[in-house]
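Since the structure is predicted, the reported quantities are computational estimates derived from the model, not experimental observations. Along the sequence shown, residues are numbered consecutively beginning with 1.
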Amino acid sequence: MPTQNSAMWGQKSNRKLITSIFGFCLGLFGILCGMFWVDFFNWIMQKEMALAPDTRVYDNWKSPPLDLSLDIYLYNWTNPEDYGNFSTKPIMQQVGPYRFTERPDKVDIAWHPENASVSYRRLSYFYFDEEGSNGSLDDEIITLNAVALSAAATAKHWSTGKRAMVDVGLRMYGAEMSVQKTVDELLFTGYSDSMIDVAMAMPIFGDDVKVPFDKFGWFYTRNGSADLTGVFNVFTGADQLAKLGQMSSWNYVNHTGFFSSYCGMTNGSAGEFQPQHLRPGDSVGLFTPDMCRTIPLDYVETVEIEGLEGLKFSGGPRSVDNGTQYPENLCYCGGECVPSGVMNISSCRFGSPVFMSYPHFYNADQYYIDQVEGMNPQQEDHEFYMVVEPSTGIPLEVAARFQVNMLVEPIDGIGLYSDIPKIFFPLIWFEQKVRITPEMADQLKVLPIVLMSGQIFAGICLAAGLILLCWAPVMHLMSWCRGNRYELKTQGKSNGQFKSRSQFSSAEELKAKASAAKGSPDSSPLLEKAKKPVIIKSQTGESVATASTAISDNRQD
């Protein structure tokens, strides 16, 4: 039968085996969790962030919870009577801002699961914010006559006969170089012009003249309309989260046709999302339908917005260059290659000589600033930038700032534009700035905490598993070491204090021991005789007296 010690040893062995197996499994789980936690986290992110009617980001994407502010600044031309005098520059006086609250929405939404994309149109309503404005919509502004200039510029490359007809029309209706209109007319309400009415009533020029509107206004037909900015088609991120919010096509094509080569591609972001996992040194793109092109933004610095670290991407000189400084931008020239600093979007604006820049010609060649008076470019007020949270690609702060300029130059055959200087005339600039709310920032702060917590949990599991896996061998080693120390200690005591029987193996020592025993008080025969006999009963019931060894020895003597 097994003894109690062997049973206890067996139970301890079983516990050690179970502990080792559990430690191995826990360590293996920690390794796998550490290896695949980021992938698992990204999988959860894809399920939560991909655009779909039932995802968390859909409502914020469709109808942003924030009211956007649109600040509009106009340039009041204070000396229009001096135009044509080459010794006098146009003097521009900035007025505004005229603030409007924008409430955007997305309509005509159609899902395309075959390529993981969604189509939609943008719809916005604008409301004038009188308290946030520096002026009234009834303020009168003297500005360039954009309608007359567009008509003359359109006829620039026509035959002499057609240009003469345009010249007659301008003279007949008393067109002048400048017009005086209210802010309301120049912005959303629009104003009528005889040249527009004639062009729409008598389309004698056929396809050479396209009149898209019955009135002129910089934001005319934009309020409450979903047609002006076209049809967007962006990727939902359902197949690859890195493609979330990136342009697939615009107006059902992936090349606008307004610029040649890759400059006409509909790439970049539609504005709501940027690529994930951005790093310092990267660049992002923003597709703008009003310019029919993508604006590149380059990394400049890392900043903090509402407690979140973000990468700041700015529209530097590369964004507004047309091949002068960056040869790859030559396809943005558009047939009118000018010094770096303005973007030629004439083909996108029905042939009107419209050139976009940053406000006050910020980041532009000094050539433009010197043409007029009143320009004072400042980075703080005129920079176009976007701060993006690098892990999710969600913009934390955006300041979209652009200025509209029109090219005024001599045109043969058009009397109004004869003998005048060539000037890029600043007319209006606008700013749309939005910043993430503290509540939304708190939600984003949870994401890196979850990611880090998973990695910490994996490390704890691995460490605990290794400890449990090594527990039994370590305890066995410690027990073996304690046993060896005990044996060494016992052997040391035996060598220093006692002698074994083998040390008395010589005859002389045995005799000495015997004599010493006889001479001792305890070895007296009298004491031995005093011992009582031991009575042993046999199996038959008879008693047998057996003397002690000492008595029998005495009798023999």
Is it the case that the ring center of Phe100 lies less than 6.0 angstrom away from the ring center of Phe188? yes
May I ask you to test the Val95-Ile141 pair for a side-chain heavy-atom distance under 4.5 Å? yes
Please tell me whether Thr294 and Asn267 have a donor and an acceptor in their side chains that are separated by less than 3.5 angstrom. yes
Using only heavy-atom distances, determine whether the side chains of Gln366 and Asp370 contain a donor-acceptor pair under 3.5 Å. yes
Assess, by modelled atom type and distance only, whether the side chains of Asn322 and Thr324 contain a donor and an acceptor separated by less than 3.5 Å. yes
Heavy-atom closest contact (Pro289 atom, Phe232 atom, distance): CG-CZ, 3.6 Å
Separation between OG1 of Thr182 and CG of Asp138, rounded to the nearest 0.5 Å: 6.5 Å
Say you draw a straight line from CE of Met356 to CD1 of Ile295; how long is it, rounded to the nearest 0.5 Å? 8.5 Å
If I take atom CG from residue Leu144 and atom CD1 from residue Ile428, how far apart are they, to the nearest 0.5 angstrom? 13.0 Å
Tell me the closest heavy-atom pair linking Ile142 and Pro80, and the distance in Å. CG2-CG, 4.0 Å
Charged N to carboxylate O below 4.0 Å: is that the case for Asp239 and Lys243? yes
Taking every heavy atom of Met92 against every heavy atom of Pro426, the minimum-distance pair comes out as CE-O, 3.5 Å
Distance under 6.0 Å and angle within 45° of ring axis: Arg293 vs Tyr332: yes
Spatial distance of atom CG (Asp54) from atom CG (Asp59) [nearest 0.5 Å]: 10.5 Å
Quiz item: cation-pi between Arg103 and Tyr127, 6.0 Å / 45°: yes
Flag the pair Trp250 / Phe287 as yes when their ring centroid distance falls below 6.0 Å, and as no otherwise. yes
Measuring centre to centre across the rings, with the benzene-like ring taken for any Trp, is Trp77 within less than 6.0 Å of Tyr83? yes
Do Ser248 and Asn233 pair up side chain to side chain, a donor and an acceptor below 3.5 Å, judged on atom types alone? yes
Is there a donor-acceptor pair under 3.5 Å between the side chain of Ser269 and the backbone N or O of Leu286? no
Do Asp82 and Thr88 have side-chain N/O donor and acceptor atoms under 3.5 Å apart? no
For Glu114, is the CD atom crowded, meaning more than 12 foreign heavy atoms sit under 6.0 Å from it? yes
Can you tell me how far apart OG (Ser357) and CG (Asp365) are? Round to the nearest 0.5 Å. 12.0 Å
Side chain proximity check, Lys433 to Ser69, heavy atoms < 4.5 angstrom: no
Do you know which two heavy atoms are closest between Leu123 and Ala226, and how far apart they sit? CD1-N, 3.9 Å
Does atom CD of Glu309 have more than 12 heavy-atom neighbours from other groups under 6.0 Å away? no
May I ask you to check whether Tyr120 and Trp111 place their ring centers less than 6.0 Å from one another? no
Verify whether one side chain among Gln432 and Glu102 offers a donor that lies under 3.5 Å from an acceptor in the other. yes
Do NZ/NE/NH1/NH2 and the carboxylate oxygens of Arg99 and Glu130 come within less than 4.0 Å? no
For a quick test of reading the model, state the closest non-hydrogen atom pair linking Leu416 to Asp167 and the distance between them. N-OD1, 4.4 Å
Under the side-chain hydrogen bond (donor to acceptor under 3.5 Å, both in side chains) rule, what do Asn79 and Glu81 come out as? Steps first, then yes or no, please. CA-CA 5 Å; Asn79 62 335; Glu81 65 280 357; over 6 Å; no
Among side-chain atoms of Gln93 and Thr78, is any donor-acceptor pair under 3.5 angstrom? no
Trp218 ring center near Phe216 ring center (under 6.0 Å): yes
Basic-acidic side-chain contact under 4.0 Å: Arg222, Asp290: yes
Is it the case that Tyr73 and Gln403 place a side-chain donor and acceptor less than 3.5 Å from each other? no
Side chains of Ser119 and His112: donor-acceptor distance under 3.5 Å anywhere? yes
According to ring pair (Phe, Tyr, Trp, His ring centres under 6.0 Å), who are the partners of Phe355, at least two apart in sequence or on a separate chain? Phe424
Before accepting this row, confirm whether a basic side-chain N of the pair Asp298/Arg318 lies closer than 4.0 Å to the acidic partner's carboxylate O. yes
Closest heavy-atom contact between Phe235 and Met247? CE1-O, 3.8 Å
Taking the basic N atoms (NZ, or NE/NH1/NH2) and the acidic carboxylate oxygens, is any pair closer than 4.0 Å for Glu397 and Lys312? no
